[in-house]
Amino acid sequence: MHPQNNVVLHVADVHKRFGGLHALADIDLQVEEGKTHAIIGPNGAGKSTLLNVIIGRLPPTSGAVIFDGTILTGKKPHEINQLGVARVFQTPEIFSDLSVLQNVMTPAFARRDGAFKINMFRQVDNEHEIREEAEAMLEDVGLISRREVHAGALSRGDKRRLELAMCLIQKPRLLLLDEPTAGMSRHDTNTTIELLKKIKARGMTKIIIEHDMHVVFSLADKISVLAGGRIIAEGLPEEVRGDPRVQEAYLGGAH
Amino acid sequence: MTSFMSRKDFILFAGFTIVVLLLPILAAPFGAAYPDLLQRFMIYGIFAVGFNILFGLTGYLSFGHAAFFGVGSYAAMWSFKLLSINALPALIFAVIIAGLFALAIGYVSLRRSGIYFSILTLAFAQMSYNLAYSVLTPITNGETGLRMTLQDPRALDRLFFEASPGAPVPSIFGMSLSGWNGFYFTALFMIATFFLAMRINNSPFGMMLKGIKSNQNRMNYTGFNTRPYTLTAFVISGMLAGLAGALLVVTDPLAGAERMRWTASGEVVLMTILGGVGTLVGPVIGAMMIKYFENIFSSFNANVLNNFYSFLPDGVREVMVTISSKFVGEGWHLSLGLIFVLIVMFLPGGVMEGVRRIAASFNRRANGNKAEARVATAPAE
Ligand SMILES: Nc1ncnc2c1ncn2[C@@H]1O[C@H](COP(=O)(O)OP(=O)(O)OP(=O)(O)O)[C@@H](O)[C@H]1O
Ligand SMILES: [Mg+2]
């Protein structure tokens with residue numbers, strides 16, 4: 001076993017039922033500080049549901065989520081984010097009506113000003129620091145040339161990169177990524193992998209859900225395999241790769 | 001100026017101020033250059049600009065803003081009756097009371113969004129209307145409406161002077177507010193309201209409100225507690241509605257319950273959409289257009305129509321007069337409905353979208369299709 005003394009996120013005995021469907025059963029997951037923890041599994045395994053429970057979008061039927069000693073269960077999504085948890089969604093959640101630059105500046109305000117502040121006497125044009133930070137962030141994800149474009153007009157892959165930038169600018173302690181490279185070209189996927197490696201070097205903890213095994217094996221320190229709402233295997237990438245149960249779940253679930 | 005206001009904003013604000021102050025001249029060709037109508041332009045302009053701070057920025061469509069307008073009217077009237085005929089305390093009092101009212105109604109209504117929010121605000125406004133009409137008659141004087149009388153206590157005034165003879169009328173520090181004074185007085189508040197709306201629109205707070213309109217979920221997962229943001233916008237727009245209601249009483253000292261009816265709430269929605277939701281000047285243009293056409297259409301009667309169609313043979317003329325008369329006078333709302341349908345069908349962004357399209361086509365002609373890309377990508381004002 002690996003030392004577990006620096007666990008930053010603990011999903012403890014979580015169950016989630018949707019009517020008769022047991023979407024998550026007996027989930028116990030520990031994520032270590034600074035590590036990238038991949039969650040893989042067939043469609044409908046419950047991966048996104050697990051992230052929904054962590055960020056407070058869905059309450060678990062039973063069990064709790066503990067982040068850095070704080071119980072997240074029962075807290076509101078904005079409180080959970082303010083504690084340092086950010087998420088990239090499976091279908092991009094961006095501000096389609098705002099410009100790309102405004103999309104990235106908005107989360108920067110949340111980090112600086114907190115959950116609520118009546119800052120109506122300042123002007124966005126004078127927020128040079130936030131603007132520069134947002135532009136640097138857009139530079140990192142390769143969207144700087146599109147900063148004045150309406151975010152709704154971006155391609156699917158660009159929307160994902162934008163959403164990633166929106167999360168990264170908050171410098172979260174825990175970043176949840178739900179299929180961050182789906183819909184991206186090979187080239188953009190590789191750029192994203194490089195970007196995620198770079199932030200890993202800065203010590204950000206990540207949970208990544210991904211179907212693309214190339215992405216998983218390039219980034220993951222540890223892999224949990226979810227099938228039918230249960231964790232059926234867990235371990236280092238090389239351990240999981242050879243596990244017969246995993247191959248069966250994938251072949252059985254996907255076909 | 002550079003750090004206080006960008007060049008673009010300064011030009012917009014200066015332009016707006018100049019146009020407003022020159023309205024007595026600019027409106028003359030339209031036959032609208034008289035204070036009674038122009039001050040209604042200003043008052044409903046304030047109402048619509050305030051409404052747009054809620055609807056245009058957050059996307060929450062209130063169908064009950066006439067309640068705050070009416071509350072502002074009553075509050076101002078009570079200030080005239082109890083305190084002083086000076087308009088200033090009346091306006092302050094009205095804005096505070098309307099703000100408190102908006103705080104209470106907004107607090108409850110904002111627990112829901114979309115159509116449920118709209119229905120809640122509508123229900124609260126209808127309740128307020130019914131209360132004003134019947135139960136609260138001692139405060140509102142019910143059907144007759146509330147006006148000033150010689151017997152009013154006017155405590156502040158009596159402290160300083162003997163009650164002046166004759167019927168009391170609102171004034172500002174002894175200066176009469178009738179005629180053109182009334183227009184310039186309301187124009188001042190219109191300009192101040194526009195300035196406030198502009199500042200909010202360009203502030204981080206305004207950007208948060210636009211974020212809520214665009215994707216409230218993302219705002220929550222981004223760490224914003226959206227409810228206090230929407231509530232603040234709601235209260236600000238309620239206070240401006242109260243200010244408008246009070247100004248109406250300043251210029252026309254009678255506060256009646258019909259100002260709180262759902263048709264009045266609907267009217268400010270129409271003004272905002274007609275002019276251009278979420279734009280700065282759009283609501284003012286919408287308010288002016290509706291008040292202008294109301295003025296024209298509702299003044300028509302069978303006589304005027306008969307004259308208008310006098311070139312037609314008798315039988316045809318009668319048919320035309322009968323048909324047209326449904327659209328004018330009391331029936332002018334029918335015309336308003338038609339205008340509205342046409343705008344929503346062909347210019348869903350309102351008059352401001354029309355302006356933008358025309359400007360874009362001029363640009364295109366001027367510098368090829370370079371401008372096209374710019375128009376397509378420019379975020380909405
Ligand atoms: N809000 C909900 N209400 C009812 N059922 C739900 C809800 N959310 C998810 N489910 C169901 O729970 C199961 C798990 O869904 P989930 O989205 O977590 O799967 P996933 O592992 O993310 O799949 P994919 O790889 O397709 O994204 C599915 O059967 C889904 O239909
Ligand atoms: Mg999923």
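Lettering follows sequence order; numbering is per chain, from 1. Just so it is clear, the structure is predicted and the values come from calculations on it, not from any experiment.
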Novice: Take the angle between the ring planes of B/Y221 and A/F89 and call it parallel below 30°, perpendicular above 60°, tilted in between.
Specialist: tilted

Novice: Measuring from atom CD1 of B/I200 to atom CD1 of A/I118, what distance do you get when rounded to the nearest 0.5 angstrom?
Specialist: 10.0 Å

Novice: What part of A/R146 is in contact with chain B, defined as an atom under 4.5 angstrom from a non-hydrogen atom: side chain, backbone, both or neither?
Specialist: neither

Novice: Quick check: closest heavy atoms across A/A110 and B/T222, and the distance to 0.1 Å?
Specialist: CB-O, 3.1 Å

Novice: Rounded to the nearest 0.5 Å, how far does CG of A/N126 lie from CE of B/M5?
Specialist: 11.5 Å

Novice: Measure across A/K117 and B/F205 and return the closest heavy-atom pair with its distance rounded to 0.1 Å.
Specialist: O-CD1, 4.2 Å

Novice: Working note: A/F116 + B/F224, criterion ring pair (Phe, Tyr, Trp, His ring centres under 6.0 Å); need CA distance, chi angles, decisive distance, verdict.
Specialist: CA-CA 6 Å; A/F116 174 63; B/F224 289 105; 9.6 Å; no

Novice: Could you tell me which portion of A/M166 (side chain, backbone, both or neither) has an atom closer than 4.5 angstrom to a non-hydrogen atom of chain B?
Specialist: side chain

Novice: First locate atom CZ of A/F121, then atom CZ of B/R199, and finally report the distance between them rounded to the nearest 0.5 Å.
Specialist: 9.5 Å

Novice: For chain B, which candidate among A/N103, A/D125, A/I55 shows the most heavy-atom pairs at distances under 4.5 Å?
Specialist: A/I55

Novice: With no hydrogens and no angle check, is any side-chain donor or acceptor of B/N215 less than 3.5 Å from a backbone partner on A/I94?
Specialist: yes

Novice: So which of B/N202, B/N217, B/N220 has the biggest tally of heavy-atom pairs under 4.5 Å with chain A?
Specialist: B/N202

Novice: Using heavy-atom distances under 4.5 Å, tell me whether A/I130 contacts chain B through its side chain, its backbone, both, or neither.
Specialist: neither

Novice: Assess the residue pair B/M219 and A/F95 against the criterion (side-chain contact (heavy atoms from CB on, under 4.5 Å)); give the C-alpha distance rounded to whole Å, side-chain angles, the decisive distance to 0.1 Å, and a yes or no.
Specialist: CA-CA 9 Å; B/M219 285 301 277; A/F95 305 115; 3.4 Å; yes

Novice: With rounding to the nearest 0.5 Å, note down the distance linking CG in B/N225 to CD in A/Q82.
Specialist: 9.5 Å

Novice: Are side-chain heavy atoms of A/D97 and B/K210 found at a separation under 4.5 Å?
Specialist: no

Novice: With heavy-atom distances below 4.5 Å as the criterion, would you say the side chains of A/M120 and B/I236 are in contact?
Specialist: yes

Novice: Show the nearest heavy-atom pair for residues A/R122 and B/S203, with the distance to one decimal.
Specialist: O-CB, 3.0 Å

Novice: A/R87 and B/R218: which non-hydrogen atoms are nearest, and at how many Å?
Specialist: O-NH2, 2.8 Å

Novice: Give me the atom names and distance for the closest heavy-atom approach of A/S96 to B/S214.
Specialist: N-OG, 3.1 Å

